[in-house]
Amino acid sequence: AEMQKYLLYNAVEPEELSTLKELSTLEICKVWSAMSRHIYRQLLQKKAVEIGIGCFAVVPTHANVAEGKVLPVERPMFILSKPLKMFYNLESDETKIPDETPVVQPDFEEIAANTHFRLEIVEQCVQETLLCFAGALRDNKEVEFSFR
């Protein structure tokens with residue numbers, strides 16, 4: 001249900017991004033860095049975090065160490081949701097979140113408490129950024145999202 005709003009048939013209208021317009025770039029970065037610390041803490045607790053367009057999770061994979069030697073490692077990944085991939089016709093490897101990993105929603109109250117922003121601002125900021133992201137996917141634009 002949450003994800004439906006990121007399946008865009010039309011371009012994102014400026015009025016859908018009212019919170020982002022009011023915040024400075026620095027403030028938006030502050031919200032996202034609190035968000036990213038929150039996600040990191042969940043991943044350390046072996047939880048996956050679902051953010052509307054997909055999931056942050058730690059997945060088992062293999063690293064090539066030396067000649068022909070592989071090492072099982074765990075790697076944090078962002079896994080775009082399937083309906084979103086299909087809707088925007090995107091290709092990526094099939095990555096499964098391990099069955100034993102609980103999937104949680106971000107705790108916006110905790111994130112807001114760690115910034116000086118009100119809860120609504122944090123939620124809107126995150127949702128509108130994701131809407132921008134979806135808009136870029138829709139218009140086939142290059143997107144770069146960097147998380148530490």
Side-chain angles (χ1 to χ4, degrees), residues 1-12 16-17 19-20 23-117 119 121-148:
E2 177 67 13
M3 185 203 59
Q4 271 354 93
K5 65 164 160 286
Y6 302 118
L7 305 178
L8 306 173
Y9 288 101
N10 305 310
V12 179
E16 295 181 77
L17 306 173
T19 306
L20 288 187
L23 298 172
S24 68
T25 305
L26 190 66
E27 291 173 317
I28 295 169
C29 288
K30 270 201 180 127
V31 169
W32 275 98
S33 97
M35 176 78 163
S36 127
R37 285 193 303 273
H38 174 72
I39 292 169
Y40 179 66
R41 285 194 301 273
Q42 305 308 306
L43 294 182
L44 285 180
Q45 295 171 27
K46 298 261 190 277
K47 292 177 189 165
V49 185
E50 203 278 314
I51 64 162
I53 57 171
C55 236
F56 287 94
V58 174
V59 292
T61 177
H62 292 93
N64 296 320
V65 204
E67 54 295 337
K69 285 207 178 90
V70 289
L71 199 65
V73 290
E74 293 193 313
R75 157 166 171 232
M77 276 184 83
F78 178 70
I79 303 157
L80 208 57
S81 81
K82 244 190 219 135
L84 217 77
K85 277 204 295 209
M86 284 160 69
F87 188 86
Y88 293 115
N89 211 350
L90 304 170
E91 295 201 359
S92 71
D93 296 338
E94 223 18 84
T95 308
K96 264 186 66 68
I97 296 171
D99 293 336
E100 67 276 8
T101 305
V103 178
V104 299
Q105 302 293 316
D107 182 342
F108 284 109
E109 287 187 358
E110 186 190 309
I111 297 164
N114 289 325
T115 60
H116 57 284
F117 298 110
L119 176 65
I121 302 273
V122 173
E123 285 190 89
Q124 289 303 117
C125 175
V126 168
Q127 283 173 8
E128 291 176 18
T129 309
L130 296 176
L131 207 54
C132 280
F133 180 75
L137 289 179
R138 178 188 173 274
D139 301 335
N140 237 331
K141 292 191 180 125
E142 284 265 325
V143 183
E144 190 181 317
F145 241 138
S146 54
F147 269 89
R148 282 211 194 135

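All figures in this text were calculated on a predicted structure; none of them were measured in a lab.
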Donor-acceptor contacts, no H, no angles, side chain residues 90-101, under 3.5 Å, sequence neighbours left out:
residue: Ser92; atom: OG; partner: Lys85; partner atom: NZ; Å: 2.9
residue: Thr101; atom: OG1; partner: Pro98; partner atom: O; Å: 3.3

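Residues Val12 and Gly135 approach most closely at CG2-CA, 3.9 Å, considering heavy atoms. Considering every non-hydrogen atom in both Glu50 and Val103, the closest pair reads CB-CG1, 3.8 Å. Between Ile111 and Ala34, the closest heavy-atom pair is CG2-CB, 3.8 Å. Across every non-hydrogen atom of Tyr6 and Ala134, the tightest pair is O-CB, 3.4 Å. Between Leu7 and Pro83, the shortest heavy-atom contact is CD2-O, 4.2 Å. Considering all non-hydrogen atoms of both residues, Pro76 and Leu43 come closest at CB-CD1, 4.1 Å.
At distances below 3.5 Å, not a single donor-acceptor pair connects side-chain atoms of Gln127 with backbone N or O atoms of Thr129. Although no hydrogens or angles enter the test, the distance criterion places a donor-acceptor pair under 3.5 Å between the side chain of Glu128 and the main chain of Thr19. Proximity of a side-chain donor or acceptor of Asp107 to a complementary backbone N or O of Glu109 within less than 3.5 Å is detected. Not one N or O on the side chain of Tyr88 forms a donor-acceptor pair closer than 3.5 Å with the backbone of Asp139.
With a 6.0 Å radius and a threshold of 12 heavy atoms from other residues, nucleotides or ligands, Arg75 has its CZ atom at or below the threshold.
To the nearest 0.5 angstrom, Leu20 atom CG is 4.5 Å from Ile28 atom CD1. A distance of 6.0 Å separates CG in Leu23 from CD1 in Ile121, rounded to the nearest 0.5 Å. Distance check, rounded to the nearest 0.5 Å: CG of Asn114 to CE of Met35 gives 12.5 Å. Annotation: the span from Leu80 atom CG to Ile53 atom CD1 amounts to 6.0 Å, rounded to 0.5 Å. Distance CD/Glu16 to NZ/Lys5: 11.0 Å, rounded to 0.5 Å. Separation of atoms CD1 (Ile51) and CG (Leu130) is listed at 5.0 Å; rounding is to 0.5 Å.
With sequence neighbours excluded, the residues forming a ring-ring contact (aromatic ring centres under 6.0 Å, His included) with Phe78 are Phe56, listed by chain and number.
Counting heavy atoms from C-beta on, the side chains of Asn64 and Leu71 never come closer than 4.5 Å. When side chains are defined from C-beta on, Leu8 does not count as touching Leu137, because their heavy atoms never get closer than 4.5 Å. Two residues are said to be in side-chain contact when any heavy atoms from C-beta on lie closer than 4.5 Å; Cys132 and Leu17 meet this criterion. Considering only heavy atoms from C-beta on, His116 comes within 4.5 Å of Lys30 through its side chain.
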**Request:** Please assess Val49 against Cys55 for the test side chain to side chain contact (heavy atoms under 4.5 Å, CB included), listing each intermediate value before the final yes or no.
**Result:** CA-CA 5 Å; Val49 185; Cys55 236; over 6 Å; no
**Prompt:** Is there a side chain to side chain contact (heavy atoms under 4.5 Å, CB included) between Glu74 and Lys46 once you walk through the steps?
**Reply:** CA-CA 11 Å; Glu74 293 193 313; Lys46 298 261 190 277; 3.3 Å; yes
**Stepwise salt bridge (Lys or Arg N to Asp or Glu O under 4.0 Å) check, Glu110 with Arg37** = CA-CA 11 Å; Glu110 186 190 309; Arg37 285 193 303 273; over 6 Å; no
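Annotation: Tyr9 is in aromatic contact with Phe87 [ring centroid separation under 6.0 Å].
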